[in-house]
Amino acid sequence: TRTFHGHMHGHSQVEISRLMQPDDANLAGNVHGGTILQMIEQAGWISATRHCNSNRHLAPAAAATTSEVRTAAASRAVTAALVRLDHIDFLKPMHIGNIATLDAGVAYASAHSLMVKVTVYAENVFESSKQVTNRATLWYVAVPAEEGHDCAMKAMPVPDIPSLSDEEREKGQSLYLAQKADREAHPEVEPHKVFGISEAVREKSEPHTVDASLSTLSRVFGPSDCTAPNNIAMGGIIMKLMDTVAGIVSFRHCQTSTVTASIDAINFHHPVYKGDIVTLLGRLVFTSQRSMMIEVLVMKENLMSGKKEHTASAFFTFVSLDRVSRRPIAVPPLVVKTEEEQARYENGRLRYEAAKRTRCQ
């Protein structure tokens, strides 16, 4: 029996399934972590967008019985925009040939944001077995569905969930305030300070240093990457690219197959639109005996104006796998060269120890 671990509002419940194909595989032969992230965000977006538009059929007088402010946009079509993915662990691998099933639903709504819970299952139809691989919490805001950069930036009121119990509402409010504080504690960075790395620097660096595995990736976002009609890029596609560049960093450092173990919270500072160039930078910040922490920063560039903005950032944890047994093996220690790298290393160590304590609780 499948359970959701939290309240699911009726309008927002979503279940999607997909057969995992060879194109979904990473170098280790399992499903690429970025593919799972993209599916999670797709399910979350459907759930959040359904909820945001659930009051559109109500007459103004009927809608106002809930709250005049939160139903002011009931007659206007809106779409959900991802602003944050909370910390997520990859509990079990998803294999090629498995059926991935995702359950999603809105669990809490503040005045202008939604918390969506997504659970991912891997089903082996040959063995009649099913297991949970991921549980994710995503935060969305509602923006107008009309095309145009300006209108898309205006966060709209979202419908309340009247059926929430006092306990659920209190817990949701606590989680909302916690993620808001974390977002404020991690402001956006100035793009020119981190995005200027040349390939020549990496090639001339010593083995196992930060520069030796430093990686960048660029891509133009087209119509198929965006929601219609407002042309905002799907957050899941950005997260998949982030996982990809983090994977390149881990592979360069270990020179073995590597897989995603967990992801710290991803905060989205600015939306990406159709036609924007997105550049991602991944750099190793910390290694333990059997894992490595990689910081990924995302910048977008508007080709017409030339304006560059920090879009998102997160810390990915990868493990290295033995070529034969596919079991985790030791990771080469990171060699730090500068005071800035040492500071990032210490910050990574604190994050690693905090995550380890959380897992042991």
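Lys308 places no side-chain N or O within 3.5 Å of a backbone atom of Lys300 that could act as its donor or acceptor partner. Within the 3.5 Å criterion, the main-chain N or O of Phe126 finds a donor-acceptor partner in the side chain of Asn124. Side chain of Thr287 to backbone of Leu334: a donor-acceptor contact under 3.5 angstrom is found. With hydrogens and angles ignored, the 3.5 Å screen pairs a side-chain donor or acceptor of Glu341 with a backbone N or O of Lys337. A donor-acceptor pair is defined here as one N or O able to donate and one able to accept, closer than 3.5 Å; no such pair exists between the side chain of His95 and the backbone of Gly97. In this structure, the side chain of Thr244 engages the main chain of Lys240 through a donor-acceptor pair within 3.5 Å. Without hydrogens or angle criteria, Asn53 side chain to Thr49 main chain gives a donor-acceptor distance under 3.5 Å. A distance-only check finds a donor-acceptor pair linking the side chain of Thr209 to the backbone of Glu206 [under 3.5 Å]. A donor-acceptor pair is defined here as one N or O able to donate and one able to accept, closer than 3.5 Å; no such pair exists between the side chain of Asn302 and the backbone of Gly306. Using modelled atom types, one side-chain atom of His87 and one backbone atom of Ile263 make a donor-acceptor pair closer than 3.5 Å.
Using a 4.5 Å cut-off between side-chain heavy atoms of Ile, Leu, Val, Met, Phe, Trp and Tyr, with links allowed through other members, Val143 and Val83 fall into the same hydrophobic cluster. No single ILVMFWY cluster, assembled from side-chain heavy atoms under 4.5 Å apart, contains both Val210 and Ile248. Linking ILVMFWY residues whenever their side-chain heavy atoms come closer than 4.5 Å, directly or via other members, leaves Val259 and Phe251 in distinct clusters. The cluster map of Ile, Leu, Val, Met, Phe, Trp and Tyr, joined by side-chain heavy atoms under 4.5 Å apart, puts Met304 and Ile277 in different clusters. Hydrophobic cluster membership differs between Val335 and Phe318, with clusters built from Ile, Leu, Val, Met, Phe, Trp and Tyr side chains linked at under 4.5 angstrom.
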> How far apart are the C-alpha atoms of Glu346 and Arg349, what are their side-chain angles, what is the distance that settles it, and do they pass the salt bridge (charged side-chain N to carboxylate O under 4.0 Å, His left out) test?
Replying inline: CA-CA 5 Å; Glu346 288 302 316; Arg349 182 181 61 81; 2.8 Å; yes
> Given His208 and His253, is the ring pair (Phe, Tyr, Trp, His ring centres under 6.0 Å) satisfied, shown in steps?
Replying inline: CA-CA 6 Å; His208 302 138; His253 182 75; 5.1 Å; yes
> When you look at Ile266 and Met239, which way does the side chain to side chain contact (heavy atoms under 4.5 Å, CB included) test go after all the steps?
Replying inline: CA-CA 8 Å; Ile266 300 177; Met239 292 193 293; 3.8 Å; yes
>> Apply salt bridge (charged side-chain N to carboxylate O under 4.0 Å, His left out) to residues Arg135 and Asp89 and explain how you reach the verdict.
In response: CA-CA 7 Å; Arg135 288 192 176 93; Asp89 291 311; over 6 Å; no
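In this structure, His112 and Ala155 approach most closely via the heavy-atom pair CD2-O, 3.8 Å. Val158 approaches Ser110 most closely through the heavy-atom pair CG2-O, 3.1 Å. For the pair Ala48 and Val106, the tightest heavy-atom approach, listed with the atom from each and the gap, is CA-CG2, 4.3 Å. Taking each heavy atom of Arg290 and Pro328 in turn, the nearest pair found is NH1-O, 2.9 Å.
Of the inter-residue distances, the one linking Thr101 atom OG1 with Lys130 atom NZ reads 5.5 Å to the nearest 0.5 angstrom. Thr279 OG1 to Glu301 CD: the interatomic distance, rounded to the nearest 0.5 Å, is 7.0 Å. Distance check, rounded to the nearest 0.5 Å: OG of Ser215 to CG of Leu280 gives 11.0 Å. The structure places OG1 of Thr79 at 7.5 Å from CE of Met234, a figure rounded to the nearest 0.5 Å. Note that OG of Ser17 and CG of Leu102 are 7.5 Å apart. Values are rounded to the nearest 0.5 Å. Separating the SG atom in Cys254 from the CD1 atom in Ile329 is a distance of 7.5 Å, to the nearest 0.5 Å.
Between His32 and Met20 the shortest side-chain heavy-atom distance does not fall below 4.5 Å. Contact annotation: the side chain of Gln179 approaches that of Trp139 to within less than 4.5 Å [non-hydrogen atoms, C-beta and beyond]. Residues Leu284 and Met292 have side chains in contact (heavy-atom distance under 4.5 Å, counting atoms from C-beta outward). Between Lys180 and Tyr176 the shortest side-chain heavy-atom distance falls below 4.5 Å. Between Leu241 and Phe221 the shortest side-chain heavy-atom distance falls below 4.5 Å. Contact annotation: the side chain of Tyr121 never approaches that of Thr133 to less than 4.5 Å [non-hydrogen atoms, C-beta and beyond]. Contact check for Val249 versus Val296: no side-chain heavy atoms found under the 4.5 Å cut-off. Inter-residue side-chain proximity for Trp45 and Val14 is flagged as unmet; no heavy-atom pair is nearer than 4.5 Å.
Residues Lys117 and Thr137 have side chains that bring a donor and an acceptor to within less than 3.5 angstrom of each other. Under the 3.5 Å distance criterion, with hydrogens and angles disregarded, no donor-acceptor pair is assigned to the side chains of Ser257 and Arg323. Side chain to side chain, Tyr140 and Glu41 meet the donor-acceptor criterion of an N or O pair below 3.5 Å. No side-chain donor-acceptor contact under 3.5 Å links His269 and Asn267. A side-chain donor from one of Asp243 and Thr260 sits under 3.5 Å from a side-chain acceptor of the other. With hydrogens and angles left out, the side-chain atoms of Ser320 and Thr258 include no donor and acceptor closer than 3.5 Å. Side-chain polar atoms of Ser291 and Thr317 form no donor-acceptor pair below 3.5 angstrom.
When the shell of 6.0 Å around CD of Gln342 is examined, it contains more than 12 heavy atoms from other residues, nucleotides or ligands. Atom CD of Gln173 is surrounded by more than 12 heavy atoms from other residues, nucleotides or ligands within 6.0 Å.
Under 4.0 Å is where a charged nitrogen must lie from a carboxylate oxygen, and between Glu353 and Lys356 no such pair does. Remark: Glu340 engages Arg344 in a salt bridge, criterion side-chain N to carboxylate O under 4.0 Å. Using a cut-off of 4.0 Å between Lys/Arg side-chain N and Asp/Glu carboxylate O, Asp225 and Arg219 are scored as salt-bridged. Under the 4.0 Å criterion applied to side-chain N and carboxylate O atoms, Arg84 and Asp182 are assigned as salt-bridge partners. Ion pairing between a basic and an acidic side chain is recognised when a charged N comes within 4.0 Å of a carboxylate O; Asp160 and Arg169 show such pairing. Look at Arg351 and Asp264 and you find a salt bridge, because one of the NZ, NE, NH1 or NH2 atoms lies within 4.0 Å of a carboxylate O, short of that distance.
Of the options Asn134, Ile88, Ile40, a side chain to side chain contact (heavy atoms under 4.5 Å, CB included) to Val118 is made by Ile40 and by none of the others.
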